[in-house]
Amino acid sequence: MLDFGAVSLEWGTLLTQAIVFLLLLLLVRKLAMGPIVGIMEKRRQHIENQISTAERNRAEAEALLAEQRRVLDEARAESKAIIDRATKQASDEANKIVAEAQAASERLKADASAELAREVEKAKLELREQMTSLSVLLASKIIEKELDEAAQKSTVDKFLAQVGDRL
């Protein structure tokens, strides 16, 4: 017997309790720990599968996101190129229209200047013809009246007054 003051143990009881403890430990290990360990192992495998599936899904999502970003960048670049081409084409069209308008304006100016020159030449020609006919008329009047100098001067003044009224 072992004596610890208030507690005393007997060797037979101690040995019986140790044997019963070991038997219970074996039973618990055999009956309870095996299924618990199996359940824990299945749970561990399930969690590992979920983690690998989640990582695979995350990698696929990142790849898809990268692809979408690349496609979006391509679309942006293409739309910028389209806008640039449209802007250049509009600018070229505007320049062409302005050039055509300037050319038409220059043609109209040249035509107007030529028309004006023709009209001036025509007016000069008509004036020469009138002056010629008036000179002939004046000469004939002077010849008709062989007058003295004062009479000739009076005739020329009257003639010039008549010519002034016609012009």
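Numbers for residues simply follow the sequence, beginning at 1.
Taking 4.5 Å as the limit, every side-chain heavy atom of Lys80 sits out of range of all side-chain heavy atoms of Arg76. Side chains of Gln17 and Thr13 form a contact here, defined as non-hydrogen atoms less than 4.5 Å apart. Residues Leu127 and Lys124 are not in side-chain contact: their nearest non-hydrogen atoms beyond the backbone lie 4.5 Å or more apart. When side chains are defined from C-beta on, Val71 counts as touching Glu67, because their heavy atoms get closer than 4.5 Å. Side-chain contact between Asn57 and Glu60 is present, with heavy atoms from C-beta onward closer than 4.5 Å. For the pair Lys88 and Arg85, the minimum side-chain heavy-atom distance is 4.5 Å or more.
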Could you walk me through whether Gln102 and Val98 pass the side chain to side chain contact (heavy atoms under 4.5 Å, CB included) test, one step at a time?
CA-CA 6 Å; Gln102 286 176 341; Val98 167; 4.0 Å; yes
Working for side chain to side chain contact (heavy atoms under 4.5 Å, CB included), residues His46 and Gln50:
CA-CA 6 Å; His46 179 69; Gln50 285 183 339; 2.8 Å; yes
Given side chain to side chain contact (heavy atoms under 4.5 Å, CB included), test Arg29 with Leu25 step by step and report yes or no.
CA-CA 6 Å; Arg29 184 170 183 202; Leu25 188 62; 5.7 Å; no
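In the hydrophobic cluster analysis, where Ile, Leu, Val, Met, Phe, Trp and Tyr join through side-chain heavy atoms closer than 4.5 angstrom, Leu23 is grouped together with Leu15.
Residues Arg118 and Glu115 are paired through a salt bridge, judged by an N-O separation under 4.0 Å between the basic side chain and the carboxylate.
Put simply, the side chain of Thr16 gets close to the backbone of Gly12: a donor and an acceptor are under 3.5 Å apart.
Applying the 6.0 Å contact sphere to CZ of Arg44 captures more than 12 heavy atoms from other residues, nucleotides or ligands. Dense packing is recorded around CZ of Arg70, with more than 12 heavy atoms of other residues, nucleotides or ligands lying under 6.0 Å away.
Here the straight-line distance linking atom CG of Leu26 with atom CE of Met33 works out to 12.5 Å at 0.5 Å rounding.
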